[in-house]
Amino acid sequence: MSWKFKRDSVWKYSQSAQYGAHENIPRLSYPPFFPRFEFQDIIPPDDFQTSDEELDLVLFGTMRGQVVGIRYYTGVVNNNEMVALEREPNNPYDKNAIKVNNVNGNQVGHLKRDLAAALAYIMDNKLAQVEGVVPFGASNTFTMPLHMTFWGKEENREVVLDHLKKHGFKLGPTPKTVGSSLENTWGSGRAGPSYSRPVHVAVQMTTEQLKTEFDKLFEDLKEDDRTIEMEPAEAVETPLLPHQKQALAWMIARENSKELPPFWELRNDLYYNTITNFSVKERPENVHGGILADDMGLGKTLTAIAVILTNFDDGRPLLGKRGKESHPGKEYKDETVKLRGSNTNKTTDGHSEPSACSEEPSISDVSEKSNVSDLFSFFSKRRKISVQSTESSESEEIETSKLSQKMKGKLKNTQLDTKSKVKGTSVMESSKKCDTGERTRTTLIICPLSVLSNWIDQIGQHIKSEVDLNLYVYYGPDRIRDSTWLSKQDIILTTYNILTHDYGTKDNSPLHSIKWLRVILDEGHAIRNPNAQQTKAVLELEAERRWVLTGTPIQNSLKDLWSLLSFLKLKPFTDREWWHRIIQRPVTTGDEGGLRRLQSLIKSITLRRTKTSKIKGKPVLELPERKVFIQHITLSVEERKIYQSVKNEGKATIARYFTEGTVLAHYADVLGLLLRLRQICCHVHLPTNGTSSSDPSRSDTPEELRKMLVTKMKLILSSGSDEECSICLDSLTFPVITHCAHVFCKPCICQVIQREQPHAKCPLCRSNIHGHNLLECPPEELACDSDNKSDMEWTSSSKINALMNALIELRTKDPNIKSLVVSQFTTFLSLIETPLKASGFVFTRLDGSMAQKKRVESIQCFQNTDAGSPTIMLLSLKAGGVGLNLCAASRVFLMDPAWNPAAEDQCFDRCHRLGQKQEVIITKFIVKDSVEENMLKIQNMKRELAAGAFGTKKTDADEMKQAKINEIRTLIDL
DNA sequence: ACCGCCGGGTGCC
DNA sequence: ACCGCCGGGTGCC
């Protein structure tokens, strides 16, 4: 997460004033001194123009006007209440008509004709945003005064003032003096005096303060008194942890609440909103939902499943058995089916986390190619999920894409033959609107594709096998689009992309014609961009109960929250203007009241616990302790000899680069040397990936050059150095190598080339670069060279000896303890296999080169605790996604240090996580007086950096360069 | 609306 | 009086 100050807009606000700080309006009090800050996403990928426009508005001035005709309308306001002005160009009496609406959207009256005549042009051409407040006289019978505030872009100020002048109006001044008293600042507009608040001094918050303030929004929620627990329905097989029972109780209370929505109370027969000071006669509808913002790993999915089953029908749980409809169908035999023709996927059996499917097509992937043949169907079978490629859906055999998931028996996957079942009946024909007469009790779950299989998996695992529940995975080209049929299921599971795709295809979105009992958005931040089609598709779903599950409630910006509130139908914030006026602008200008409102708003609809949250003094997740030991290794005399000779030779070369100032130009070479040193620390025979370093410019033919560069890139990528792209400073995505041998993300470097054309230069070495000579990494994997090793006679190494000693000692102590042996070098893992076999260890292996099917097998095998199951897993550092669950292991042997400490931590988390019962002991092997020790130093530096600074993210290329050069110095003792 | 405005009734003091 | 003034009718846009 990163933060940045946007000085500009802060200043704009500080130099102007805005309506609000007035004794008459205590609820909108703006203290004169309060730090102002802005939550601004620094990452540009999806910035939203409209919001930015809003932020750039400055105050033009204020004016007094009149609201007339109020006796004709039912909308009511209180004194000091905000109103919205809305153009009504089709008014039969006056094309300039401007309606005045209260916060609830009810019309209060019209602007007086002459005023409307002046404002219509301004509003129609968006020259200014006019905001109104009724300062007093709210209970008048015929007319009431209106205080108007004009906001707009600086460049439009003159036009607006001129236009108003033409109509005989003049804006009141915007006070510039700090602390000027209210009485002195009454404006002089023709329409009456206007007033404004004193402007406050801009006190800039430090980055830390900023972060703290923002974090507190959610951190405060942890210390909540939502301690009532609730037992889930019997149908839920998995016992809930205390914090999950609390979430269950809270969520169900919110769903069934007959109480007024947050911030509403009954006052003199009117419903009064304490946050907006607004009242209505009609009882406002409660928000039957909210945001479950628990940290990752606290079991949001399980909690949501428990809610579905426990609050199934009219507040009652789903009972074990229901009607005995059965869907005839053959058992689906093949358990692992091709995913997109190349990967296979099958999730683990009996464990709460599925294996991550890192090879899954990305979300954007799918949406871009909405081509049906690129979509898949997912099936669940006996708590195992198979992924069915629909590319072959023409063939009769695999015609399985549409399915009713009968959870009867052991999640038996019964199959509907499309052709006979669906087409043949009237289901297809009746696919217009769903029968609104019958109340749906269907829950729609929308999630990113990457977690779809996780949902299927968890639904399978957490629901008792005898429970009769219909789950339909609305996915794949042949998904059943019949809304009547869909609304008879219990759970419909789909992805954002499917939803969006359907939404974009006119008249073909059954999901939008059903009134759902409940809609659950998983990874709710998927809809944080209010302009994204995806968000629109989600916002148009109709549902009684609405939930957002997210681990990151506000990622970077307040704006993110708006879409969520909008989805939850939390009035009046569904309307951007109100959100902006009541929350966003006050908060971004540093108004304490705004922050307070935001806080209570969030608090009322959000439940958040972090991994460190406590329940009754105990941490939510009681993970056993985790201890990290560093075991120093002394190289043997021979090893040291080899190490020193390679080092001395390399050091001389690099020293030359330093004096020449060409370190970065030879970056790949430098890394290559470091890599070789690191490998020698592990084992002197570790292959050096062939290529000796040479200058790319000296290569003879283009083909040779190409080969060499690709080899270099592979070297960099495989060296485990966790290279960041120097442009986005993130991990490399779509790595490409330049002719000057520097690796960047393809999108990043292409952007640079685009921007700097026609003379783009490499951000690292300033060589000329061109879009057409970037080289991509060929798809074939880098691994698979482990076999040719076998020719060479196996020898041990100091590290291997240390490892084997430790493993054997451990086995003697407790033969059941399982260990992870982690290295960045798969070839090293291969070398370790020999002594493991020799000493009779049963082991398995997991690395990036393995096919999905093999991975899953390996994980299942390892996680199995039966006698004879492997006690050791050889694991490559970066294998598997964050979801990888290896909690059967309680020991980790890290054979070689990683550049990035976060990568190590992530690796440790694979066994130190929910489900771990034992103390986790981690041993890091570090060779004394070697590059490895220096790497530890760099790790510590990185740790400090990560912990301390937040603004550090956007270091520029120069700093980046310097940092890299310094790293190299440290590593090679220069 | 205890207003403004309209338009008909009316017309010395 | 092609005015002023009176008082009733009336009333958003």
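Throughout, protein chains are lettered first and strands after them, A, B, ... in sequence-line order, and every chain is numbered starting at 1. Computation of the quantities below employed the complete heavy-atom set of this structure, encompassing side-chain atoms and omitting hydrogens, waters and symmetry-equivalent molecules.
- Among residues two or more places apart in sequence or in another chain, the side chain to side chain donor-acceptor pair (under 3.5 Å) test is passed with A/Asn78 by A/Glu81, A/Ser279.
- Distance OH (A/Tyr93) to P (C/dC13): 12 Å, rounded to an integer number of Å.
- Of the C1' atoms belonging to C/dA1 and C/dC6, the separation is 15 Å, rounded to the nearest Å.
- Partners of A/Arg87 according to the side chain to side chain donor-acceptor pair (under 3.5 Å) rule, which considers only residues two or more places apart in sequence or in another chain, are A/Asp124.
- With hydrogens and angles ignored, a donor-acceptor pair under 3.5 angstrom links the side chain of A/Asn91 to the base of C/dC13.
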Polar atom pairs (N or O), protein with nucleotides 8-12 of chain C, under 3.5 Å:
residue, atom, partner, partner atom, Å
C/dC12, OP2, A/Arg71, NH2, 2.9
C/dC12, OP2, A/Tyr72, OH, 2.3
C/dC12, O2, A/His110, ND1, 2.7
C/dC12, N3, A/Tyr73, OH, 2.8

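- Here the P atom of nucleotide B/dG4 and the CD atom of A/Gln66 are 10 Å apart, to the nearest Å.
- Separating the CZ atom of A/Phe142 from the P atom of C/dC13 is a distance of 14 Å, rounded to the nearest angstrom.
- With sequence neighbours left out, A/Leu570 forms a side-chain contact (heavy atoms from CB on, under 4.5 Å) with A/Pro262, A/Val287, A/Leu565, A/Phe573, A/Leu601, A/Ile605.
- Comparing B/dC2 with C/dC13, their C1' atoms sit 26 Å apart, to the nearest whole Å.
- Distance, A/Asp114 CG to B/dG4 C1': 14 Å, rounded to whole Å.
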- request: Go through the steps to decide whether A/His110 and A/Tyr73 satisfy the test ring pair (Phe, Tyr, Trp, His ring centres under 6.0 Å), and finish with yes or no.
  value: CA-CA 10 Å; A/His110 276 106; A/Tyr73 306 98; 5.7 Å; yes
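- Partners of A/Leu260 according to the side-chain contact (heavy atoms from CB on, under 4.5 Å) rule, which considers only residues two or more places apart in sequence or in another chain, are A/Trp264, A/Tyr271, A/Arg283, A/Pro284.
- In this structure, C/dG9 forms a base pair with B/dC5, meeting either the Watson-Crick or the G-U wobble geometry with both donor-acceptor distances under 3.5 Å.
- By the side-chain contact (heavy atoms from CB on, under 4.5 Å) test, A/Thr535 is found to be paired with A/Ile527, A/Ala532, A/Leu539, A/Ser563, residues two or more places apart in sequence or in another chain being considered.
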